[in-house]
Amino acid sequence: MTTNCVFCKIIAGEMPSDILYQDELVTAFRDINPRAPVHILVVPNRHYDSLADMGDEDGVVLGRIVAVTNKLARDEGIAESGYRFLTNVGRHAGQVVFHVHFHLLGGRPLGPMVMTRW
Ligand code: 5GP
Ligand code: ZN
C-alpha cells in the first residue's frame, strides 16, 4: 500500500468505488469518469507506478489481469461486439494515476486506436 495512492486506497476498501471483482492479486472497478458504456479499470493489488515497472517476474499477476478482463467482458456483454484493453505509460500517453491500471472499454464503436492529428 502506497500512501496517497488513490487506487491503493480503493483496493484496501478505504475509498468508495464500484468494485466488480477482487481476489488476492487483482481488483477491478468502474472508472469514475466512463468514456464508453463499459469502462472498467483492472489493477494489480500491489502498487507499481506504471507498466514500465513490470517485467518477467510479474507474469502471474499480468496473466490474472488478462483472465479477469476477459471474464468481465463476457459478464458485461461485450465479448462478442469487441473491446479495447489499454494502459497509459507516462506523459505522452496521458497517464494521470500512477498505480498501473488497464482500461477495459467497450459497448460502442471505439474509434481509431490513437488520434491521428495532433
Ligand atoms: P489514466 O489517464 O491514468 O490512464 O487513467 C486514469 C483513470 O482513472 C481515468 O479514466 C479516471 O477517470 C480514473 N479515475 C481517477 N480517479 C478515480 C477514482 O477515484 N475512482 C475511480 N473509479 N476512477 C478514477
Ligand atoms: Zn497504489
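All ligand and atom numbering here is 1-based and tracks the order in the structure.
For the side-chain contact (heavy atoms from CB on, under 4.5 Å) test with Val43, the passing option among Val61, Val97, Ile10, Thr27 is Thr27; the others fail. Just one residue in the list Phe102, Phe7, Tyr21 forms a ring pair (Phe, Tyr, Trp, His ring centres under 6.0 Å) with Phe29, and that residue is Phe7.
Taking atom 11 (C) of ligand 1 as the reference point, the nearest protein heavy-atom neighbour is Asp31 OD1, 3.4 Å. Annotation: atom 10 (O) of ligand 1 to nearest protein heavy atom, Arg35 NH2, 2.3 Å. For atom 22 (N) of ligand 1, the closest heavy atom belonging to the protein is Arg30 O, 2.9 Å. In terms of protein heavy-atom proximity, atom 2 (O) of ligand 1 is nearest to Gly94 O, 2.9 Å. Among protein heavy atoms, the minimum distance from atom 17 (C) of ligand 1 is reached at Ile32 CG2, 3.8 Å. Summary of contacts: the protein heavy atom closest to atom 5 (O) of ligand 1 is His101 NE2, 3.1 Å.
Annotation: His103 places an N or O atom under 3.5 Å from an N or O atom of ligand 1; distance criterion only. Between Phe7 and ligand 1, not a single N/O pair is under 3.5 Å apart.
Nearest to atom 15 (C) of ligand 1 by heavy-atom distance, out of Val97, Asp18, Ile40, is Val97.
A donor-acceptor contact shorter than 3.5 Å links the side chain of Asp58 to the backbone of Gly55. Judged by distance alone, the side chain of Thr87 and the main-chain N or O of His101 form a donor-acceptor pair under 3.5 Å. Between the side chain of Glu57 and the backbone N or O of Gly59 there is no donor-acceptor pair closer than 3.5 Å.
Closest non-hydrogen pair, Ala73 versus Leu104, comes out as N-CD2, 4.1 Å. Of all the heavy atoms in Ser50 and Val89, the pair that sits closest is OG-CG1, 3.7 Å.
Those atoms of ligand 1 that come under 4.0 Å of a heavy atom in Asn88, given as number and element, are 1 (P), 2 (O), 4 (O). Contact atoms of ligand 1 toward Ile10: 20 (N) (distance under 4.0 Å to a heavy atom of the residue). Against a heavy-atom cut-off of under 4.0 Å, Val6 is close to the following atoms of ligand 1: 19 (O). Less than 4.0 angstrom separates some heavy atom of Met15 from each of these atoms of ligand 1: 19 (O). Within ligand 1, counting atoms from 1 as listed, the ones closer than 4.0 Å to a heavy atom of Asn33 are 12 (O). Atoms of ligand 1 found under 4.0 Å from any heavy atom of Phe29 (numbered from 1 in listed order, with element): 22 (N). Each of the atoms 1 (P), 2 (O), 3 (O) of ligand 1 lies under 4.0 Å from some heavy atom of Val96.
When the Zn ion (ligand 2) is compared with the N/O/S atoms of His99, atom ND1 turns out nearest. The atom of His47 nearest to the Zn ion (ligand 2) is ND1, with the search restricted to N, O or S atoms.
Within the 4.0 Å heavy-atom criterion, the part of Leu41 lying near ligand 1 is the side chain and not the backbone.
A salt bridge links Glu76 and Arg30; the closest N-O separation between the charged side-chain nitrogens and carboxylate oxygens is under 4.0 Å.
By the neighbour-count criterion of 12 heavy atoms within 6.0 Å, atom CG of Asn33 is densely surrounded, having more than that number from other residues, nucleotides or ligands. Counting heavy-atom neighbours within 6.0 Å of Glu24 CD, excluding the residue itself, gives a total above 12.
Using modelled atom types, one finds no donor on one side chain facing an acceptor on the other under 3.5 Å when comparing Asn45 with His47.
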Return a table of donor-acceptor pairs under 3.5 angstrom between the side chains of residues 107-118 and protein atoms on other chains or two or more places apart.
unit_1: Arg108; atom_1: NH2; unit_2: Arg35; atom_2: O; d: 2.7

